[in-house]
There are 2 protein chains.
Amino acid sequence: MLAAAIELFNRKGYDATSIGDIAESLGVTKSAIYHHVASKDQLLAEALDEALVGLEAAVRAAATADGSAHDRLRLVVRRSVEVLVAHQPAVTLLLRVHGNSETERSALQRRRTIDADLAGLVRLAADEGVLRRDLDPDLVSRLLFGMVNSLVEWYRASGPVSVDQLADAISTLAFEGLAAT
Amino acid sequence: MLAAAIELFNRKGYDATSIGDIAESLGVTKSAIYHHVASKDQLLAEALDEALVGLEAAVRAAATADGSAHDRLRLVVRRSVEVLVAHQPAVTLLLRVHGNSETERSALQRRRTIDADLAGLVRLAADEGVLRRDLDPDLVSRLLFGMVNSLVEWYRASGPVSVDQLADAISTLAFEGLAAT
DNA sequence: GTCTATAAAGCGATAGAC
DNA sequence: GTCTATCGCTTTATAGAC
């Protein structure tokens, strides 16, 4: 039921999706839905939590890993791509949330903490001297994870590009650049 | 009135924004809105058209410019950033549209044409041999313009980063990469 | 656990006065 | 060009039967 709700929230938007739509997609009536969840908002909250738990784990794994900040930055990019693909519907929903309710604001707050941790890791890698010095770390963090997050809008796990190939391409583009060597 | 509508559509979402919300933000009643536009959908259509006209012009300028495909690719990245900032509210709305009505599907079709033109330009630059050969041009196009488009979620023209600095940072990151030389 | 029926509220849009 | 008032419809959510 949660999967059906997330799919509809992503396809039509949260507000444009009615409980009746979710019920219809499952072949039941609205009342059957309300037997399992207290409100439409609770369905959103559970979906956002799934995405946040995954992303928080990816950042924590990179923060506690051995190696240089540079290595850990490359690791968190890869782990983020993996979480994004493994929980694509939930993460897509999270990235489209804009603080329109208490549930959404709470999710946004957790997301801001993740973003701050990511920016901190970029700053550490820059301090190691392994990243070019003419780019502001905070700006780099926004662009880098903006690129990663944009995956949700087009990537399909069933398509021709594997998750590994995808993570490799993003790492190559971001760290080595497009220019031929 | 269009500006007020776009601002609310972006902040609360199109479906969560009522004509009453727009009227209230302008200090008038719903009926006053309907004197100027036939429907809520028409407000959306006008906003999406503003964004599409700007982006189409950016792509056309790069397509008809002199120079190598590589130079024209760098130009279209810059022009896209400029349009995105100059028409940020309208472009933000465009990037959040998902084909939920005939108006949205029509806008998505125009956007797909723009994306195809951008991918074609990346392919031309790759054929020139100036881009590395181990990355698929279509994948590069999605990642590159995914990064550019992600600007709408955080960039503020009133902030510390100028449009020129922003376009420079994106070009540097994308073409030369993050790694120190 | 699912159903029918319905309450209570909000929505887009229109009619008609000023 | 803006107002009040209202129509017709959809929405979230609940009550109570099976």
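Letters go in sequence order (proteins before strands), and every chain restarts at 1. Since the structure is predicted, the reported quantities are computational estimates derived from the model, not experimental observations.
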Any salt bridge between A/R78 and A/E82, counting N to O under 4.0 Å? no
Scan side-chain atoms only and decide if A/T103 and A/D41 contain a donor-acceptor pair under the 3.5 Å cut-off. yes
Quickly work out the A/D15 CG to D/dT10 C1' distance and round it to whole Å. 14 Å
So does A/D115 pair up with A/R142, basic N to acidic O under 4.0 Å? no
Could you state the CD1-C1' distance from A/I33 to D/dT11, rounded to the nearest angstrom? 15 Å
Would A/R60 and A/E56 pass as an ion pair if we require N to O under 4.0 Å? no
Measure from CD on B/E24 to P on D/dT2 and round the result to the nearest Å. 16 Å
I need a per-nucleotide contact map over nucleotides 13-18 of chain C, read 5' to 3'. Cutoff is protein heavy atoms under 4.0 Å; write B for the base, S for backbone only, - otherwise. BBB---
Between atom CZ in B/F9 and atom C1' in C/dG12, what is the gap in whole Å? 12 Å
Answer yes or no: does a side-chain N or O of A/T29 lie under 4.0 Å from OP1 or OP2 of C/dT2? no
Would you please confirm or rule out a distance under 4.0 Å between OP1 or OP2 of D/dC3 and any side-chain N or O of B/H35? no
Using a strict 4.0 Å threshold on nitrogen-to-oxygen distance, state whether B/D15 and A/K12 make a salt bridge. no
Euclidean distance, atom NE2 of residue A/H36 to atom P of D/dA13 [Å, nearest integer]: 16 Å
Decide, yes or no, whether a salt bridge links A/E104 with A/R111 under the criterion of side-chain N to carboxylate O below 4.0 Å. no
